[in-house]
Amino acid sequence: MTPISVVDIDYVALAPVIIVLVAAVIGVLLEAFLPEAARRSGQLLLTGSAVALAFLTVLIVAASRPFGPIAGGSLMLDGPGLFLQGLILLTSGTAILIMADRRVDPGGDAFAGRVSTLPGGEEEREVSRRGLMQTEVWPLMLFCIGGLLLFVTSNDLLTLFIALEILSLPLYLLVGMARRRRLLSQEAALKYFLMGALASAILLFGSALAYAYAGTIEFAGIAERISERTTANTLVIAAVALILVGLLFKIGAVPFGQWVPDVYQGAPTPVTGFMAAAVKVAAVGALLRVLYVPFGGMRWEWEPVLWIVASLTMLIGSLVALAQSDIKRMLAYSSIANAGFILIGVAAADQVGLSSVLFYLLAYSVATLAAFGIVTMVRVPTGEATSLEQWAGIGRRSPLLATAFSLILLSFAGIPLTAGFIAKFGVFTAAITAGALPLVIVGIVASAIAAALYVRIIVRMYFTDPVSASAGVASPSPLTVAGVGLGVALTVILGVFPQPVLNLVEQTSIFVR
Amino acid sequence: MTFLFWILATLSVIGGLGMLLSRKAVHSALWLALTMMCLAVLYVAQSAVFLGTVQVIVYTGAVMMLFLFVLMLIGVSAADSLRESIRGQRPVAVLVAVALGATLIAAVGNALDFSVGLQAANAEYGGNVQGLAALMFGRYLIAFEATAALLITAALGATILAHRERLFPRQDQRTRSVERFRSGVHPGQRPSPGVYARHNAVDVPALLPDGSAVPDSIPGPLRARGTVREIDATATEEVLDRLVGGAASDTGGER
């Protein structure tokens, strides 16, 4: 009889996750004990410092800790994991800056003052008259970030699933908490919740099948069992298929990303930015680890699937984006298309592919955050001006904002001297070296379609006369300016001078198995 | 063992089908409870005693019964969810579900080539519960602890969505009554129709002692419909006369 052994936990290596989750719990306590007036500033201080501290800790861990499994093998400390953790904290920090803004909306921040009040009711009016704000948003954000950090480093299917739930649950809530157009927001939250629960269940089912096949849920153990196999085993193929569905759902790839447009449109815009950036980074990170580490030996089985999904995602994302008249829906489809480009790099299935995906994630996430940050600023009296018609002539009234948005769109389109160009070039090169030329051709066609879309918006901003219903630009607080500014600056810097970051992703892009 | 398996497996599949096909939500919940109970017995039969017990206590006993209570309190009616909002969705869904089920059954049935058995796993740490503890507080400690974040999020979320603060002062009987007197409307009961009138019908207004009608005594819907019966002045006079005449004869003719 074996005695129960105590797990040796390296608390320093685990510190980023611990800091964020403990701060979230403290945030919940602040809700209970701080008076209403002090809550918002207290929560902001706590959330901001926790994310900053966690980011610093990631740097310290990366510099000082040896790579390998930590916490009894539940988590894996390695280059891609740490890079993605850093990227998640960077993008979350930027998203928090945009979320904290309370100047662009005269009513307060982007969230409903009290979510429990009926939309359009007497109580809602009273809440906005008193200027109340729902400060539980901040602990929820921290829980979500903690889940994201666990998601990209988890080293077995159980931890992966629990991390997925920790990051999803706060998102379901945050999506339904918009201050404006609340019914749309609540509908989006319900849709996301139902679809997300189904996707989680599918992932769990796949994990169970993987356990039935390998007798273990640890990534290393599954990889070992797969490398020993001599014949094709239907069980493990079913397992990979189901796990892929669960992860591709979070990434928003066609045909599993049907929820993306509705949810991105309905959610409060800073939350949309956060989902499009940080959550997508984490989901791609987890997909990379799952495909490369435990199921790396089955590359020939999952690669064709990924080819099809990537092609469909790029083409449908770009084509449907062309037909949109709502800026948030347009950006949602554009993020679907971008997920397709990322999947090209994933399908390359080697170190070059991995490093190109990491760079793409960085370039894409900072740009998309800035894009949604800019959407929060363009407003009409009833809320954000999401209809594309209302964006006519913005370039003449506020040239700075229009320039920033154009830069981001050019980066999405992959025009040289922006980060998007280097990123797309990276994934295309990786795919060509891996022999995925057809995929690259589809990618180039999709890029051309998307470029037409982005140029059309730029033309609308600069060369169309403002219509009577045109939007104005709210003067943002320094927080939003900092968030958007960071995104735009990185987009340009990474486009002009990408070498240091390219070196970094190249060094980090080896999974420890 | 095989005998037990076939009986329970059949029952749990019946339970699952019953859950899907019953029209009433409460029946669905009960069918699901049956499936869960069968699974619990299967767990115990495979020497996962703790899991079987937890399945009964937590899932069937607590979660499922909570479901039932919610269904009964909210009262989901059978007509609520049966309308198809997307045409042709149901046959397609059935087709895809059957295809997926068949694929998975084939995949799983073809490939299960080994099983260690729980006897060995249970023996390793000296028992079923001990074995689970070794996993939960050992190898999977992080996953176990991280579940706390999940539970806090769920509690926090439920509070945000459901808790309503008191935004306006509480209305008790006293404040409501003060408000009513302040507002200047008639504070008491209204006279009921027909009290002093010749008819006791609801469409005849009550009469004040001076003989004038009280329009408020007629129910609102009747007034809105305009079916209020006029008071017949001669009849009133006649009644008055008779009353007064009677009274006069009683009291000696003084009017």
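Proteins get letters first, then strands, A, B, ... in listed order; numbering begins at 1 in each.
- Contacts between residues 114-121 of chain A and chain B, counted as heavy-atom pairs separated by less than 4.5 Å, involve A:Arg114, A:Val115, A:Ser116, A:Thr117, A:Leu118.
- Contact record, A:Arg130 with B:Phe168: NH2-N, 4.3 Å, taken as the closest heavy-atom pair.
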What donor-acceptor contacts under 3.5 angstrom involve side-chain atoms of residues 198-209 of chain A, with partners at least two apart or in another chain?
residue: A:Ser200; atom: OG; partner: A:Glu165; partner atom: OE2; Å: 2.7
residue: A:Ser200; atom: OG; partner: A:Gly196; partner atom: O; Å: 3.1
residue: A:Ser207; atom: OG; partner: A:Leu203; partner atom: O; Å: 2.9

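- By the 4.5 Å heavy-atom criterion applied to side chains, B:Tyr140 and A:Ile162 are not counted as neighbours.
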Can you give each donor-acceptor pair under 3.5 Å made by side-chain atoms of residues 6-26 of chain A, sequence neighbours left out, with the distance rounded to 0.1 Å?
residue: A:Asp10; atom: OD1; partner: A:Val12; partner atom: N; Å: 3.3
residue: A:Asp10; atom: OD1; partner: A:Ala13; partner atom: N; Å: 3.4
residue: A:Asp10; atom: OD1; partner: A:Arg65; partner atom: NH1; Å: 3.2
residue: A:Asp10; atom: OD2; partner: A:Arg65; partner atom: NH1; Å: 3.1

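- The 12-atom threshold is exceeded at CD of B:Gln130, counting heavy atoms of other residues, nucleotides or ligands nearer than 6.0 Å.
- Options B:Ala148, B:Ala149, B:Ala133, B:Ala123 differ in how many heavy-atom pairs under 4.5 Å they form with chain A, and the most are formed by B:Ala149.
- Other residues, nucleotides and ligands contribute at most 12 non-hydrogen atoms within 6.0 Å of the CE atom of B:Met37.
- Residue A:Leu173 touches chain B through its side chain alone, counting heavy-atom pairs closer than 4.5 Å.
- No part of A:Glu31 comes within reach of chain B, as not one of its non-hydrogen atoms sits under 4.5 angstrom from that chain.
- Counting heavy-atom pairs under 4.5 Å between each of A:Gly72, A:Ser74, A:Ala239 and chain B puts A:Ser74 at the top.
- Looking at A:Ser5, the atoms closer than 4.5 Å to chain B (heavy atoms on both sides) all sit in the backbone: N, CA, C or O.
- With hydrogens and angles disregarded, no donor-acceptor distance shorter than 3.5 Å links the side chain of B:Thr153 to the backbone of A:Leu140.
- For B:Ala146, the parts lying under 4.5 angstrom from a heavy atom of chain A are both the backbone and the side chain.
- Looking at B:Ala154, both its backbone and its side chain come within 4.5 Å of chain A, counting heavy atoms on both sides.
- Among residues 147-159 of chain A, the residues having any heavy atom closer than 4.5 Å to a heavy atom of chain B are, in sequence order, A:Leu150, A:Asp156, A:Leu158, A:Thr159.
- For B:Leu167, the parts lying near chain A are the backbone and the side chain together; criterion is any non-hydrogen pair under 4.5 Å.
- For the options B:Leu135, B:Ile142, B:Thr147, heavy-atom pairs under 4.5 Å to chain A are most numerous at B:Ile142.
- Taking CD of A:Glu136 as the start and CD1 of B:Ile160 as the end, the distance is 4.5 Å to the nearest 0.5 Å.
- In B:Gln173, the CD atom is not crowded: 12 or fewer heavy atoms of neighbouring residues, nucleotides or ligands sit closer than 6.0 Å.
- With chain B as the partner, the residue from A:Gly176, A:Ala241, A:Ala238, A:Pro170 showing the most heavy-atom pairs under 4.5 Å is A:Pro170.
- In terms of heavy-atom pairs under 4.5 Å with chain A, the best-connected choice from B:Leu141, B:Leu104, B:Thr103 is B:Leu104.
- Residue contact with chain A, scored on non-hydrogen atoms closer than 4.5 Å, involves the backbone of B:Ala162 exclusively.
- Shown here is B:Tyr59, whose OH atom has no more than 12 heavy atoms of other residues, nucleotides or ligands within 6.0 Å.
- Contact record, B:Arg164 with A:Glu123: NH2-OE1, 2.8 Å, taken as the closest heavy-atom pair.
- More than 12 heavy atoms of other residues, nucleotides or ligands shown are found within 6.0 angstrom of CZ on A:Phe256.
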